[in-house]
Peer 1: 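Can you read through this structure? Questions will come right after.
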Amino acid sequence: MADQNEKKQDTANDDVSIQSGQSGGIKIAIDRGGTFTDCIGWQAGRPPVVIKLLSVDPENYEDAPREAIRRVLETYTSRKIGREEKLDTSLIGEIRMGTTVATNALLERKGEKCALVTTKGFADSLIIGNQSRPKIFDIAIHKPEVLYQKVIEIDERVTLEDYTEHPEKRKTMDVSNDEDLVVGLSGEVVRILKRPKRSEIEASLQALYAEGFRSIAVCLTHSFTFPEHENLVGDVARNIGFDHISLSSQLMPMIKLVPRTTSATADAYLTPEIKKYISGFENGFDGGLGTASALMGKGTRCEFMQSDGGLVDVNAFSGLRAILSGPAGGVVGYALTSYDPKTKIPVIGFDMGGTSTDVSRYGAGHYEHVFETTTAGVTIQSPQLDINTVAAGGGSQLFWRNGLFVVGPESAGAHPGPASYRKGGPLTVTDANLYLGRLLPELFPTIFGPEENEPLDFKASEMLFTELTEQINSEIDALNKMTVDEVAYGFIKVANEAMIRPIRALTEAKGYDTSTHRLATFGGAGGQHAVAIAEALGISQILIHKYSSVLSAYGMALADVVQEVQEPCSDIHTAKTQSMFAERFVELKDRASVSLREQGFRDDQLEFELYLNMRYRGTESALMIIKPTEGWNFEKSFVDHHLQEFGFVLPNRDIIVDDIRVRGIGKSYQLSEKTVDEQLETLKVTLVNGAKRFETKNVYFEGGRKQTPIYKIEDLDLGEKVVGPAILADDTQTIVVPPGTAAINLETHVIVNIGDETSKKAVNTDRIDPITLSIFGHRFMAIAEQMGRALQKTSVSTNVKERLDYSCALFDSQGGLVANAPHLPVHLGSMSTAVRTQANIWKGKLKKGDVIVSNHPQTGGTHLPDITVITPAFHGEEIVFYVASRAHHADIGGILPGSMPPHSRELYQEGAAIFSEKLVTEGHFDEERITDLLLHEPAKFPGCSGTRCLPDNINDLKAQVAANQKGISLIEGLIAEYGAAVVQFYMLAIQDNAELSVKNLLKQVSKRFEGKLLHANDHMDDGSFICLTIGINGEDGTAVFDFTGTGPEMYGNMNAPEAVTYSAIIYCLRCLITEDIPLNQGCLKPIKVIIPKGSFLSPSATAAVVGGNVLTSQRVTDVIFHAFQACAASQGDCNNLTFGVGGKIEGQAEQVRGWGYYETIAGGSGAGPGWHGTSGVHTHMTNTRITDPEIFERRYPVLLREFSIRKNSGGNGQYRGGDGVVRDIEFRVPVQCSILSERRVYHPYGLAGGEEAQCGLNLWVRLIDDGKGAKKERIINLGGKNTAAMQPGERIIICTPGGGGYGPVHLDADIGVRKTDPRANWRGQGSVAIYSAIQESN
């Protein structure tokens, strides 16, 4: 049938030698990917066999890996083996496998029925999660569903006795006199507040068992350091008879309750599913699988790849560590075949397959891991290779949207696949390569069609491209007509640009220069895109292994068996504690050794990597530091690594060790091949003999089609050089060698060297080219993103470095926004106001090297802690563009620490107000002047201090200047590449494109409302009125947003600068346009905004504004959505809570040392036409994450009594509004606590007959003397805005508002099938995804 896609390799027979396993058997390595399953089989003395087959082909076989093994055995035994026949394990020496079983179960939510057991008060912890919404512009918020079917709470509680923010760093030393104090595994002192009762646990678990649950996840608060209560639950569950019990303290004993709970739940959900798959897989063999069976002579070894790049015995394979099982093999494959430990040239791995494109990096001789990642909406704590899935691969769908070429994120997947796969699929990147001649059907596996014996279908791709080209030409200017070739190639260029951005982010975020790397490309589609990717990154050499199209499978063959052991810690790293760390390493090594010896490894095959997870005190940016080759100086390694990755060190700050980790390695392979550098030293390079060409094809390159020779890789001799244009191919891969490059054939690799081409790219500015426009859209956004990376890297404060509370942006010469990254809604429109204002103030006065600083509400500021730094960029003597960065500074003075007082009445009470100043003059940073502005000026006002963290302010401002300079240098590079005229032309063109999108939206709205005026109004809790009338011209798509009738300026801090209203408008418009569009000034071009001067939306220069930024902005947003009838009101609030001690005290000259904490709290989102609101989530103008409960209690003297959904607080309706939350915090020391909130009087409205939601409520549970020497509770309503001195044992309970309902209650909701995130099957893991997720929730 389809066995013709097997390939016998003619490379050396002993490429790989597996030490363990049966000596004479056939070794098999398999990678079951999303589209294809790749398999390599080899046997001593015989050529390897390579097989590639579809992962899903139910009409021909049930299981692709077993089918691949059957074909390998047929080849080596020369005997026909039926598909229903059991496979003889006596023929097999070893099976190594990577699988997508766990990933697919997670994506499709098809895991085991399981229940969660957690601490009382935290039943909803995974529903709330970190309270951020996944997609910031999605008003129909779709948070990932939890994996468990039921949750039960255990009445138990422990907390950490000490807190790290204590000014004197007090630490409990003696626990002997208090039976409720114990020392945890991390060395921290734990206070037991409530011991669980075994009988209650038994009753709860017995009820679960009776309901049919057989798998449970257990995660209790602080079990990372105190697992006793979890162990008790586990013991009871085992006695009852549960089949699978996932204890979080055993899976990954790391601090953070929410990720640890999701990890335990994921394990309980996925591991039983994996066991079922393995059982079914094993049933297809005659003999057992696994170490135990092999050692007894009754089967063969079978190991699975884990996400950390290590193999594990089939019987120990768990769902938690299986998420990246397949991609991990590819990293191992290129790391061991492309990195030379002598030359130490680092390598970027580029794995482009059918359904995903993965990017990673390997350098310094060891793998880079991350320990908290999110896949398919599930945040997991587990060591994983830092693999960043950046696109949907060859299956990325192609679209023409709003005048732009768009690639992905939607994927054709494995089924139906691209149009050319003969299953009626859509147009994809694969089809573009096929149409352009870059993919050769005659050399591609013939595995398509009903009989699995047909080639790729060129005509299907051609037909769809012809239709799309006709559509594009019908919508663009007649002078811009495009050929089918140009359209197909345009999509290739846009796809490349989309992939380059995250690759650059991966390397530069860690302090590496991409141009110093090699690019190792693999996966079926990698060779067709590698040169373009490398050129854009400044990389001059590409490595393509002979097994590149099946390198993940090859990596399985090369990988080691790994046993990870980790324990929590909380000690300071000093010379005195080093011996203690050494002792703990010995204990962990012993534990790892036992497991590896049980798997048949001898002591001489064991190696160990020792790690400390280290961070500076007061930060959360921990780095996993490997033990130095010589000695035990972890501290120096940490400081060096910190300097490289973050650009600074903190010389006098304690270094904390959070975790101690040992990676035990069972060495199980020998790689006999020479490294690339060793081969190049002795290689004699000769030009290829032209007679070897297989055929000549008409292939499209930049500028047109060229007659291009095609060479089969196996026909080339060692050292033969092929000059581009050319294509090298075999049965499993295609390598495109464009003009200006040359490929050389080595024993193990094909290398492609890229020539130096520095000429400017010729682009016509007489007309807008949609392909170039699409590319510039990516390039402009990439510049803003890289500015943000530079700012994060060089900043010092927690707000900027860890919460990523900043935005960076690029503006045209008039101050119009071109690209804004990343995604702070309240900055979207306001930064351009700031830049335009400063450009006018300083017109004709600025020189190269000047930098402006401002934060004043009258000049485009939002609130005073957000300081904007603006740098002009010159071309000759002319300013051609501006770059700006805005960062939230933790303190800039005023009446309270944090500069966000709930009761400010005048602007000066909120800190330093900078109207317009030069921060840098011709390259000189004016530290004296900025110190005066931040420290001395605010302190001149009554009751006010200057900034309380001047060093952080200065460092962060310097980081903002450096980020701006990064943006300027990048655009100068763009100008060098294209010319200044072209760059400026497309700066304006990208704004015109966004303007067109908004005009189209407004025309649709006008038609829907039959040209009528749109009205909406609402009240702030003090009765202040917001009034809005929107008039839309349905002919030209323009609109007037008229806020006439809005109430006057308040004597309070709810005033909102005009820039805040512009931000709300641009945010709402972007939400209403359901597709991704460029976010820039063009969005506001069709809009005229009328805001009455003197209203609280256009206050005077001295008005307090801190509440306007965080609360009034939410109400303006609700009013705009109300006018458009888009959705019911959301909670309309940020619930700003602050508490702390210290600061300036009346009568004392100096400030008292202390600490402060600030958080915003989620509520309910409004329902809309076709969707229910979401509970426990941030909405609209904010998306900040909440501090994890365990981190919260480690850092501050608090006890989080409850964090739960406030049931039934959302408005009822055909579609229910989301519920708010209940957050109950008990203080363990005296604190000053303040709340700044809204919607405590006026309810969030319902829409279209839906009911309003409940208001919020702020309660103070006060302890009062009962007259008998005891204390009793008194509950006091604090109102919406208040501050109180709270004593130990007292609590604040924040009950946040819900969201309004939509539609009459009597109508049934018609939700239908929820539209899934098109990225769902590939987005998620890796440091780039972590950064993006944090940035979108800052």
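Positions are given from 1 along the sequence. Here the structure is a predicted model, which means the values were calculated and not measured.
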Peer 1: Carefully, step by step, assess Q384 and T373 under the rule side chain to side chain donor-acceptor pair (under 3.5 Å).
Peer 2: CA-CA 8 Å; Q384 298 185 21; T373 62; 3.1 Å; yes
Peer 1: Can you spot which of V722, L683, V750, L716 makes a side-chain contact (heavy atoms from CB on, under 4.5 Å) with I744?
Peer 2: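 Looking at V722, L683, V750, L716, the match for I744 under the side-chain contact (heavy atoms from CB on, under 4.5 Å) is L683.
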Peer 1: Using 4.0 Å as the upper bound for N to carboxylate O, is an ion pair formed by R518 and D677?
Peer 2: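 Result for this pair is yes, salt bridge flagged.
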Peer 1: Find the distance between CG (N993) and OH (Y986) and round it off to the nearest 0.5 Å.
Peer 2: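 Here the rounded value is 11.5 Å.
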Peer 1: Tell me, do P738 and P725 make a side-chain contact under 4.5 Å, heavy atoms counted?
Peer 2: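 Counting from C-beta outward, P738 and P725 never come under 4.5 Å.
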Peer 1: Give the C-alpha distance, both sets of side-chain angles, the deciding distance and a yes or no for side chain to side chain contact (heavy atoms under 4.5 Å, CB included) between F350 and M352.
Peer 2: CA-CA 6 Å; F350 176 65; M352 188 172 181; 4.0 Å; yes
Peer 1: Kindly say whether the aromatic ring centers of F811 and Y882 come within a distance under 6.0 Å.
Peer 2: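 F811 vs Y882: aromatic centres not under 6.0 Å.
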Peer 1: Assess whether a salt bridge exists between K684 and E720, defined as any Lys/Arg side-chain N lying under 4.0 Å from an Asp/Glu carboxylate O.
Peer 2: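 Between E720 and K684 there is no salt bridge, as every charged N stays at least 4.0 Å from the carboxylate O atoms.
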Peer 1: Looking at T675, is its backbone amide N or carbonyl O close enough to the side chain of E678 to form a donor-acceptor pair, meaning the two atoms are under 3.5 Å apart?
Peer 2: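 Yes, E678 side chain to T675 backbone: donor-acceptor pair under 3.5 Å.
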Peer 1: Got a salt bridge between K493 and E702, using NZ or NE/NH1/NH2 to carboxylate O under 4.0 Å?
Peer 2: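 Salt bridge present between K493 and E702.
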Peer 1: Quick one: pull up CD1 in I533 and CD1 in I503 and give me the separation to the nearest 0.5 Å.
Peer 2: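 Rounded to the nearest 0.5 Å, the CD1-CD1 separation comes out at 5.0 Å.
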Peer 1: Got I775 and I771 here, is their nearest side-chain heavy-atom distance under 4.5 Å?
Peer 2: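 Yes, side chains in contact.
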Peer 1: Centre of Y700's six-membered ring, under 6.0 Å away, within 45 degrees of the axis: is that where NZ or CZ of K706 sits?
Peer 2: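 The answer is no, since K706 fails at least one limit relative to Y700.
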Peer 1: A side-chain contact here means heavy atoms from C-beta on lying under 4.5 Å apart; do Y512 and P346 qualify?
Peer 2: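 No; the side chains remain at least 4.5 Å from each other.
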Peer 1: Keeping D485 on the side-chain end and G704 on the backbone end, is there a donor-acceptor pair under 3.5 Å?
Peer 2: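 Here the side-chain-to-backbone pair does not exist.
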Peer 1: Test side chain to side chain contact (heavy atoms under 4.5 Å, CB included) on I751 and I542; report intermediate values, then the result.
Peer 2: CA-CA 6 Å; I751 66 169; I542 301 163; over 6 Å; no
Peer 1: Taking the side chain as every heavy atom from C-beta outward, state whether S360 and E368 have any pair of such atoms under 4.5 Å apart.
Peer 2: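 Answer no - side chains too far apart.
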Peer 1: Just by distance, with hydrogens left out, do Q984 and S813 show a side-chain donor and acceptor under 3.5 Å apart?
Peer 2: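 Q984 vs S813: no donor-acceptor pair found between side chains.
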Peer 1: Measure up the H369 and Y367 rings against each other and bin them: parallel (under 30°), tilted (30 to 60°), perpendicular (over 60°).
Peer 2: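 Ring orientation of H369 relative to Y367: perpendicular.
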Peer 1: Let's go through T748 and Q679 carefully: what are the C-alpha distance in whole Å and the side-chain angles of both, what is the deciding distance for side chain to side chain donor-acceptor pair (under 3.5 Å) to 0.1 Å, and is it a yes or a no?
Peer 2: CA-CA 9 Å; T748 58; Q679 294 175 61; 2.8 Å; yes
Peer 1: What's the verdict on side chain to side chain contact (heavy atoms under 4.5 Å, CB included) for H529 and V429, showing C-alpha distance, side-chain angles and the deciding distance?
Peer 2: CA-CA 10 Å; H529 296 260; V429 170; 3.5 Å; yes
Peer 1: Between Q733 and S549, which heavy-atom pair has the shortest distance, and what is it?
Peer 2: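 Q733 and S549 have their closest heavy atoms at CB-CB, 3.9 Å.
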Peer 1: Identify the heavy atoms of I754 and A534 that sit nearest to each other, and give their distance.
Peer 2: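 Heavy atoms only, the tightest pair is CD1-CB, 3.6 Å.
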Peer 1: L324 and S307: which non-hydrogen atoms are nearest, and at how many Å?
Peer 2: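 Scanning both residues completely, I find the closest heavy atoms to be N-OG, 2.9 Å.
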Peer 1: Could you check if a side-chain atom of V920 sits within less than 4.5 angstrom of a side-chain atom of D850, using non-hydrogen atoms only?
Peer 2: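 When only atoms from C-beta onward are counted, D850 and V920 do not touch, as no gap falls below 4.5 Å.
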Peer 1: For A536 and R504, which heavy atoms make the closest approach, and how far apart are they?
Peer 2: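 So the two residues come closest at O-NH2, 3.2 Å.
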Peer 1: Taking atom OG of S637 and atom CG of L623, what is their separation to the nearest 0.5 Å?
Peer 2: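 That separation rounds to 11.0 Å.
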Peer 1: Is a donor on one side and an acceptor on the other found under 3.5 Å between the side chain of T337 and the backbone of G333?
Peer 2: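 Answer holds: yes.
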Peer 1: With the threshold set at 4.0 Å, does a side-chain nitrogen-carboxylate oxygen contact exist between K848 and E877?
Peer 2: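 Salt bridge between K848 and E877, a charged N being under 4.0 Å from a carboxylate O: no.
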Peer 1: Decide yes or no on side chain to side chain contact (heavy atoms under 4.5 Å, CB included) for V699 and L436, but give the supporting numbers first.
Peer 2: CA-CA 6 Å; V699 181; L436 295 170; 5.7 Å; no
Peer 1: Would you check if the side chain of K546 reaches a backbone N or O of L746 as a donor-acceptor pair within less than 3.5 Å?
Peer 2: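 Looks like yes, one N/O pair under 3.5 Å.
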Peer 1: Would you please indicate yes or no on a ring centroid separation below 6.0 angstrom for H545 and F522?
Peer 2: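 No, they do not, as the ring centres are separated by 6.0 Å or more.
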Peer 1: Return the minimal non-hydrogen interatomic distance between I990 and G777, and the atom names on each side.
Peer 2: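 Answer, listing the atom of I990 first, then G777: CD1-CA, 3.9 Å.
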Peer 1: Atom CG of N1080 and atom CG of D812: how far apart are they, to the nearest 0.5 Å?
Peer 2: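 So the gap between those two atoms works out to 9.5 Å.
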Peer 1: What I'd like to find out is whether the side chain of R886 reaches to under 4.5 Å of the side chain of Y806, using heavy atoms alone.
Peer 2: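 A side-chain contact under 4.5 Å is absent here.
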Peer 1: To the nearest 0.5 Å, what is the distance between CG on D513 and CD1 on I539?
Peer 2: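 Nearest 0.5 Å value for the CG-CD1 distance: 9.5 Å.
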Peer 1: Dump the intermediate steps for salt bridge (charged side-chain N to carboxylate O under 4.0 Å, His left out) on E977 and R779, then the final yes or no.
Peer 2: CA-CA 12 Å; E977 187 176 344; R779 295 294 286 272; 2.8 Å; yes
Peer 1: Within a 6.0 Å radius of atom NE2 on H641, are there more than 12 heavy atoms belonging to other residues, nucleotides or ligands?
Peer 2: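 Above 12, so yes.
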Peer 1: Looking at Y334, I'd like to know if the NZ or CZ of R361 sits under 6.0 Å from its six-membered ring centre while staying within 45 degrees of the ring's axis.
Peer 2: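 Output no; distance or angle outside limits.
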Peer 1: Using a 3.5 Å distance criterion without hydrogens, assess whether the side chain of K344 forms a donor-acceptor pair with backbone atoms of P341.
Peer 2: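 Such a contact is found between K344 side chain and P341 backbone.
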Peer 1: Hey, are the side chains of H749 and I544 touching, using non-hydrogen atoms and a 4.5 Å cut-off?
Peer 2: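 Heavy-atom side-chain distance check fails, nothing below 4.5 Å.
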Peer 1: Using only atom types and a distance under 3.5 Å, with no angle test, would you say the side chain of T428 pairs donor to acceptor with the backbone of Q397?
Peer 2: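 No.
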Peer 1: If I compare all heavy atoms of A520 with all of S338, which pair ends up nearest, and what's the gap?
Peer 2: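 Closest approach of A520 to S338: CB-OG, 3.8 Å.
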Peer 1: Once rounded to the nearest 0.5 Å, what's the spacing between atom CD of Q960 and atom OG1 of T871?
Peer 2: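 Between Q960 CD and T871 OG1, I get 9.5 Å after rounding to 0.5 Å.
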Peer 1: Does a side-chain heavy-atom distance below 4.5 Å link V752 with Q541?
Peer 2: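 They are not in contact (no side-chain heavy atoms under 4.5 Å apart), so the answer is no.
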Peer 1: Counting only N and O atoms by type, is there a donor-acceptor contact under 3.5 Å from the side chain of S774 to the main-chain atoms of V494?
Peer 2: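 It does not hold such a pair.
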Peer 1: Ignoring hydrogens and geometry beyond distance, is a side-chain donor-acceptor pair present between N433 and D431 at under 3.5 Å?
Peer 2: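 Per modelled atom types, N433 and D431 side chains form no pair under 3.5 Å.
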